Amino acid sequence: PDDLRWLVFQARALDGLGQPAAARRTVNQVLARQPGDVHARALAERLDARLRPWSAQVAQTTDWFDDGRTAWQETAITIGHQTPLGAVLA
């Protein structure tokens, strides 16, 4: 447990065994001792995405034209769910 590198390996193994919550707890131990660990941070982001299978996004764009036409505004709302086969977006 004193070698943080091995804790990251253990977290990857737990993730590979389908135990993302246990893997995240192990990564938390690493980040508590070394918050800047790049490998642990990347793994934490990936695990967080797996542990939160739903996502939502809102985007707003505006296009202005220089030929006197009015501006064109577009709004997009996306809801996604992570499945074992990949993401499903609506």
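Each residue takes its place number in the sequence, starting with 1. Keep in mind that this is a model prediction, so the values were computed, not measured.
Closest approach of L4 and V30 over heavy atoms only: O-CG2, 3.9 Å. Taking each heavy atom of A21 and L51 in turn, the nearest pair found is N-CD2, 3.9 Å. Shortest non-hydrogen contact noted between A11 and A23 is O-CB, 3.2 Å. The minimum heavy-atom distance between P20 and D15, with the atom names listed, is CB-OD1, 4.2 Å. Here the closest heavy-atom approach between residue T70 and residue F65 is recorded as O-CD1, 3.5 Å. Contact detail for A44 and L31: the closest heavy-atom pair is CB-CD1, 4.1 Å.
Note that CZ of R50 and CG of D48 are 11.5 Å apart. Values are rounded to the nearest 0.5 Å. Interatomic distance, CZ of R12 versus CG of L7, reported as 12.0 Å (0.5 Å rounding).
Annotation for R41: atom CZ does not count as buried by contact number, only 12 or fewer foreign heavy atoms lying within 6.0 Å. Atom CG of L17 is surrounded by more than 12 heavy atoms from other residues, nucleotides or ligands within 6.0 Å.
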Original post:
How far apart are the C-alpha atoms of R25 and L14, what are their side-chain angles, what is the distance that settles it, and do they pass the side-chain contact (heavy atoms from CB on, under 4.5 Å) test?
Top reply: CA-CA 10 Å; R25 286 191 298 273; L14 288 167; over 6 Å; no
